[in-house]
Trainee: 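Have a look at the structure that comes next, please.
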Amino acid sequence: AAEETTVSGGGDALQTAIDDASADDTIVVTDSETYDTVSIDVSVTIETDADPIIEGDGGTGAAVSIDAEDVTVAGFTVANPDGLLGLKIENEIDSVSIKNNTVENIGPTGRLGVTGIIIGQGAHDDIEITNNVIQNLDQETTEDSGFPTVNGILFDADNSDPGTITNSVVNNNTIQDVESDIAPLGIVVQHKTDGVDINNNDIRDLVADPATDSEPDDGVKFDFTFAQGINIASPETTDTVVNHNVIENITS
């Protein structure tokens, strides 16, 4: 039978509880300590009745990586200072709920694609991203940065085989205070879509630096900037709804 486990103490205690969990267990963090990066590879609910932080190691990985179906992450602050990613749903993973979290202080890295919440390549079904605050994301250009975008929420498809997102929602999120030397973006969808709602999100204060003058190692100079609240870059869209979003102060 599914069990409920409580966790406290910070550090690697949350990852230890995940490693010891069985499918359908619930893990409740009961204190407001800072926890190390976690990788979720079992179908569990991770929630809290306190104010804990899950903090990444500042590398190219995510502070929270989800590589199992039927996972819920609810109520945490997720940070990754000088890191690339906040929460990541790995490739071809279904039935994940990310809700009521604050994702903040991601980047800068000088690398492509600082992102608050990222959904990996391949097909996904039943993805719920609701009631999160994503804020204070930063990206800076360096000699080896490639094209330095920063994304609030990114459905990151493979260009040659984008896969399809079905039966999924991105609702009631706040994305704010996102800054990039080149391209700050609120919500980006690159997959095919069939049954996706993007509703009631509040996207504001995305700023591209107008003084960019960098020359990455490929010799390409970025002499332009752009900023976007919502970008549906899907090769095909079916039954896809974008309603009642507030988009303001998007500057480049």
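Worth saying up front: this structure is predicted, and the values here are computed from it rather than measured.
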Trainee: Give the cluster check for Val73 versus Val42: same hydrophobic cluster or not, with ILVMFWY residues linked at side-chain heavy-atom distances below 4.5 Å.
Mentor: yes
Trainee: Among residues at least two apart in sequence or on other chains, which ones pass side-chain hydrogen bond (donor to acceptor under 3.5 Å, both in side chains) with Asn172?
Mentor: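 For Asn172 there are no side-chain hydrogen bond (donor to acceptor under 3.5 Å, both in side chains) partners, ignoring immediate neighbours.
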Trainee: Please name the pair of heavy atoms, one in Val242 and one in Asn199, separated by the smallest distance, quoted to 0.1 Å.
Mentor: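 Closest pair (atom of Val242, atom of Asn199, distance): C-OD1, 3.9 Å.
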Trainee: Could you walk me through whether Asn171 and Asn200 pass the side chain to side chain donor-acceptor pair (under 3.5 Å) check?
Mentor: CA-CA 6 Å; Asn171 290 348; Asn200 301 309; 5.7 Å; no
Trainee: Please tell me whether Thr238 and Asp194 have a donor and an acceptor in their side chains that are separated by less than 3.5 angstrom.
Mentor: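 Side-chain D/A pair, Thr238 to Asp194: absent.
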Trainee: How many angstroms lie between CD in Gln228 and OG1 in Thr149, if you round to the nearest 0.5 Å?
Mentor: 10.5 Å
Trainee: Would you say Leu112 and Ile118 are hydrophobically clustered, going by side-chain heavy atoms of ILVMFWY under 4.5 Å?
Mentor: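 Looking at the clustering, Ile118 is in the same group as Leu112.
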Trainee: Not counting sequence neighbours, list each pair that qualifies as a side chain to side chain donor-acceptor pair (under 3.5 Å) and has a residue in residues 64-84.
Mentor: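 Listed once each, the pairs are Ser65-Glu90.
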Trainee: Who are the side-chain hydrogen bond (donor to acceptor under 3.5 Å, both in side chains) partners of Asp41, not counting sequence neighbours?
Mentor: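 Asp41: no side-chain hydrogen bond (donor to acceptor under 3.5 Å, both in side chains) contacts found.
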Trainee: Using residues 45-64 as the side-chain source, report each donor-acceptor pair under 3.5 Å to any protein atom, sequence neighbours left out, with the distance given to one decimal.
Mentor:
from: Thr48; atom 1: OG1; to: Val29; atom 2: O; distance (Å): 2.8
from: Thr48; atom 1: OG1; to: Ala50; atom 2: N; distance (Å): 2.9
from: Asp57; atom 1: OD1; to: Gly59; atom 2: N; distance (Å): 3.0

Trainee: Are side-chain heavy atoms of Ile119 and Leu154 found at a separation under 4.5 Å?
Mentor: no
Trainee: Would you find a donor on one side and an acceptor on the other, under 3.5 Å apart, between the side chain of Gln15 and the backbone of Ser39?
Mentor: yes
Trainee: Tell me which donor-acceptor pairs under 3.5 Å the side chains of residues 129-137 have, and how far apart each pair is, sequence neighbours excluded?
Mentor:
from: Thr130; atom 1: OG1; to: Glu128; atom 2: OE2; distance (Å): 3.2
from: Asn132; atom 1: OD1; to: Asn100; atom 2: N; distance (Å): 3.4
from: Asn132; atom 1: OD1; to: Asn101; atom 2: N; distance (Å): 2.9
from: Asn132; atom 1: OD1; to: Asn101; atom 2: ND2; distance (Å): 3.2
from: Asn132; atom 1: ND2; to: Ile98; atom 2: O; distance (Å): 2.9
from: Asn132; atom 1: ND2; to: Thr130; atom 2: O; distance (Å): 3.1
from: Asn132; atom 1: ND2; to: Asn173; atom 2: OD1; distance (Å): 3.1
from: Gln135; atom 1: OE1; to: Gln176; atom 2: NE2; distance (Å): 2.8
from: Gln135; atom 1: NE2; to: Glu104; atom 2: OE1; distance (Å): 2.8

Trainee: Taking only residues at least two apart or on different chains, which pairs with a member in residues 4-36 satisfy ring pair (Phe, Tyr, Trp, His ring centres under 6.0 Å)?
Mentor: none
Trainee: Enumerate the residue pairs fulfilling salt bridge (Lys or Arg N to Asp or Glu O under 4.0 Å) with a member in residues 12-40, sequence neighbours excluded, ordered by first and then second residue.
Mentor: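 Found none.
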Trainee: Between Val38 and Ile18, is any pair of side-chain heavy atoms under 4.5 Å apart?
Mentor: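 Contact flag for Val38/Ile18 side chains = yes.
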Trainee: Over all heavy atoms of both residues, which pair between Leu185 and Leu206 is shortest? Give the atoms and the distance, please.
Mentor: C-CD2, 3.6 Å
Trainee: Please list all pairs passing the ring pair (Phe, Tyr, Trp, His ring centres under 6.0 Å) test where one or both residues lie in residues 115-134, with sequence neighbours left out.
Mentor: His124-His191
Trainee: Apply side-chain contact (heavy atoms from CB on, under 4.5 Å) to Ile153 and Ile175, showing your working.
Mentor: CA-CA 8 Å; Ile153 299 171; Ile175 301 172; 4.1 Å; yes
Trainee: Less than 4.5 Å apart, side chain to side chain, heavy atoms only: is that true for Ile127 and Ile89?
Mentor: yes
Trainee: Quick one: does any side-chain atom of Asn245 pair with a main-chain N or O of Ile198 as donor and acceptor, under 3.5 Å?
Mentor: yes
Trainee: How about CG on Asn243, more than 12 heavy atoms from neighbouring residues, nucleotides or ligands closer than 6.0 Å, or not?
Mentor: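 Correct, the count exceeds 12.
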Trainee: Could you walk me through whether Val196 and Ile165 pass side-chain contact (heavy atoms from CB on, under 4.5 Å), step by step?
Mentor: CA-CA 7 Å; Val196 173; Ile165 306 295; 3.8 Å; yes
Trainee: Locate the shortest heavy-atom distance separating Val96 from Ala68; write the atom from each residue and the value.
Mentor: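 Looks like CG2-O, 4.0 Å.
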Trainee: For Thr37, enumerate each residue passing the side-chain hydrogen bond (donor to acceptor under 3.5 Å, both in side chains) test, keeping only those at least two apart in sequence or located in another chain.
Mentor: none
Trainee: To the closest 0.5 Å, what do you measure between CG (Asn201) and CD1 (Ile247)?
Mentor: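 Reported value, rounded in 0.5 Å steps: 8.5 Å.
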Trainee: Going through the checks in order, is the side-chain contact (heavy atoms from CB on, under 4.5 Å) test met by Val103 and Leu87?
Mentor: CA-CA 8 Å; Val103 183; Leu87 291 99; 3.3 Å; yes
Trainee: So, do Thr237 and Ile232 sit near enough that their side-chain heavy atoms are less than 4.5 Å apart?
Mentor: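 Yes, at least one pair of side-chain atoms sits under 4.5 Å.
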Trainee: Might you point out which heavy atoms bring Ser22 and Val44 nearest each other, and give the distance in Å?
Mentor: O-CG1, 3.8 Å
Trainee: Work out which heavy atom in Ser252 is nearest to a heavy atom in Ala208; give both atom names and the distance.
Mentor: CB-CB, 3.6 Å
Trainee: Got a sec, which residues hit salt bridge (charged side-chain N to carboxylate O under 4.0 Å, His left out) with Asp158, two or more places apart in sequence or on another chain?
Mentor: none
Trainee: Between Ile106 and Thr115, what is the shortest heavy-atom contact and its length?
Mentor: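 That closest heavy-atom pairing would be CG2-O, 4.0 Å.
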Trainee: Excluding sequence neighbours, so at least two apart, what forms side-chain hydrogen bond (donor to acceptor under 3.5 Å, both in side chains) with Thr240?
Mentor: Thr193
Trainee: For side chain to side chain donor-acceptor pair (under 3.5 Å), just list the numbers for Asp205 and Asn249, CA-CA rounded to whole Å, side-chain angles, deciding distance to a tenth of an Å, and then say yes or no.
Mentor: CA-CA 5 Å; Asp205 300 325; Asn249 296 334; 3.2 Å; yes
Trainee: Would you say Ser168's side chain and Thr166's backbone share a donor-acceptor pair under 3.5 angstrom?
Mentor: yes
Trainee: Could you check Pro108, Pro184, Pro81 and say which one makes a side chain to side chain contact (heavy atoms under 4.5 Å, CB included) with Asp138?
Mentor: Pro108
Trainee: Under the ring pair (Phe, Tyr, Trp, His ring centres under 6.0 Å) rule, what pairs show up with a residue in residues 66-118, not counting sequence neighbours?
Mentor: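 Sorted pair list comes back empty.
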Trainee: Side-chain heavy atoms nearer than 4.5 Å, only ILVMFWY residues, links allowed to pass through others: does that put Phe226 and Ile230 together?
Mentor: yes
